[in-house]
There are 2 protein chains.
Amino acid sequence: MAYYIGVDIGGTNIACGVVNDSCEVISRSKIKTNSIGNSLEYNDVLKVIKSAITSACEEAKINVNDAKSIGVGSPGTCNSESGVVENCNNLRFDNSPIRDDLEKEFKIPVYLDNDANAAAYGEFVSGAAKGAKNAVVITLGTGVGAGIIIDGKIYRGSNFAGGEIGHTVIAVDGAQCSCGRRGCFEAYSSATGLVRMTLKAGEENPKSIINDIIKEDGRCSARTAYKAMKAGDPVGKAVTDEYVKYLACGITNVINIFQPEVLCIGGGVCNEGEILLKPLKEAVAKQIYSKNSARNTEIVICSLGNDAGIIGAAMLFKS
Amino acid sequence: MAYYIGVDIGGTNIACGVVNDSCEVISRSKIKTNSIGNSLEYNDVLKVIKSAITSACEEAKINVNDAKSIGVGSPGTCNSESGVVENCNNLRFDNSPIRDDLEKEFKIPVYLDNDANAAAYGEFVSGAAKGAKNAVVITLGTGVGAGIIIDGKIYRGSNFAGGEIGHTVIAVDGAQCSCGRRGCFEAYSSATGLVRMTLKAGEENPKSIINDIIKEDGRCSARTAYKAMKAGDPVGKAVTDEYVKYLACGITNVINIFQPEVLCIGGGVCNEGEILLKPLKEAVAKQIYSKNSARNTEIVICSLGNDAGIIGAAMLFKS
């Protein structure tokens, strides 16, 4: 049995896992990204990464260099050829030679890619996109992350900054996005976008139970509108309908461009399952350009959860 | 010297050319698609295609089977593996085995692809995208056609219906598009979209010279607003600014997804040259997600004109 180490660098946690040939995670470690201070300077984060790797291997009862390789998924623009994180908004990672630094430390091959690419690759090698030739994986979280698999390989773009499907405008002059543009897919289809729509609907409809649910839960979340909808609230229903409208718009755009065998959606809001998926599929089917095709894209929910990033990173050696 | 035959099937003309190893068109033929009636039935169009091939070869003073191959670019969903046009809105071409039929007639290998893909491949093999690894070619005509080159190959999607960048929504609930959606990139950035904006501005501003130009030319075209703008008309300027705004929005979307080395734009409106290109590049540079990248996409105007479709089709054997 061969082992591969996968590291998933996030703004909150650095998660690491030892993965076997069958893409099973056999041990895990997780360290708060800011556990050694809030600077998030590269050298400090690097120390945390090294500790996470060491702990995961200890738990798996292997030495780090018993593993075949280490794969790292990092936020930002990751040059997978040079192993350098070129730009990163969340961490102070600009021009960080993470591959060379980890290879120096552990003496085994290290592979680097963007975290959304790694997660998509995880779903492709052993999750909801397994067996597809072309697949797109979209994660509806705080933002909208995306990874594109073409012909079994991660598509990175010529400058390794490709795949930013979340930052394609679907509503020109629309809601402000964190990237500076207005009307991005992310501004509507992220959990953040759903929360914004829910809060607005609650304000505009003081009698909606949306407001009671917010009070009870102590905050408005991506679940709030769905809870209200399930309780029969027409305002909740209107918010979830609006959310699905924008989500279907962006997903139809992706299908019209890529026509992948499989398009996977992940992230907390997908815990709604069929309540989200059924109207989404119906809305997309009505809009896609390939209505007459015998083989249209299957829309499915990601199956690996948070492990996608670890498994995909661990398998980067073959990406 | 080896020869390759390229056929570009359009709603108006069927154009054919004999192309040499250096991607030069050494002879051409062009037949009106409806020259044998308006039915546009597959068998009738097939006869026109055969005549066009025979004439182009006669002019080049070669026999058809002296050529290495025939490549055909057709509208619609073209299955490049089976050589069948699966769906086609413009011509009655559904499930037409064009490859097998032409191979039976001419006894040389035949390759089939979508016309926008063929034109993009033409720009890639010998035009404005030559030498790029990843490129996107967008044609601003009656509609917005697009072809995507990834790793030197045409990207077709799993069901051969991919690449419909013109049918990605940039303005949710916006202008009606021919595909049934509202707010597609095509509805704003095609010549048709520009004409619609120009007519509307003319109506709303009866004193604008837009109306004089329309009268003088006998119609409103994609040139009308640019003519007015160049003559100092603020309404003309506002229309061209609006057009560039939408065009930049769609092109930025494409760059954020693909980050190609080169993005080529073609079609009649590109005859405006720098007057279109300069403000377009400025608007895109302000919006793209990869502002910090040292290697951003170069936006250029297609260089092959109508020959792109013929050259690309002729070179399909290596796509």
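Sequence lines set the chain letters: A, B, ... in the order given, protein chains first and strands last, and positions in each chain run from 1.
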Checklist entry - If you count the non-hydrogen atoms of other residues, nucleotides and ligands that lie under 6.0 Å from NZ in B:Lys237, is the total more than 12? => result no
Which portion of [X] sits near chain B, non-hydrogen atoms under 4.5 angstrom:
X        : answer
A:Thr252 : both
A:Phe258 : both
A:Ile255 : neither
A:Tyr188 : neither
A:Asp173 : side chain
A:Lys245 : side chain
A:Lys153 : neither
A:Phe185 : neither
A:Asn87  : side chain
A:Ile150 : side chain
A:Arg295 : both
A:Gln287 : both

Next on the checklist: Testing the basics here: between B:Tyr246 and A:Val172, what is the closest heavy-atom pair and its distance to 0.1 Å?
Outcome noted: CE2-CG1, 3.7 Å
Next on the checklist: Any heavy-atom pair between the side chains of B:Ile257 and A:Ile257 that's under 4.5 Å?
Outcome noted: yes
In Å, rounded to the nearest 0.5 Å, how long is the span from [atom1] of [X] to [atom2] of [Y]?
X        : Y        : atom1 : atom2 : value
A:Ile165 : B:Asn256 : CD1   : CG    : 10.5 Å
B:Gln259 : A:Arg156 : CD    : CZ    : 14.5 Å
A:Thr297 : B:Asn159 : OG1   : CG    : 6.5 Å
B:Ile170 : A:Asn253 : CD1   : CG    : 9.5 Å

So which part of [X] gets closer than 4.5 Å to some heavy atom of chain A, the side chain, the backbone, both or neither?
X        : value
B:Glu261 : both
B:Ile288 : neither
B:Lys291 : side chain

Item to check | Parallel, tilted or perpendicular: ring planes of A:His167 versus B:Tyr289, cut at 30 and 60 degrees | outcome: parallel
Next on the checklist: Under a 3.5 Å distance rule, please check whether A:Arg181 uses its side chain to pair with a backbone N or O of B:Cys249 as donor and acceptor.
Outcome noted: yes
Checklist entry - Between the side chains of A:Ser158 and B:Asn134, is a donor N or O closer than 3.5 angstrom to an acceptor N or O? => result yes
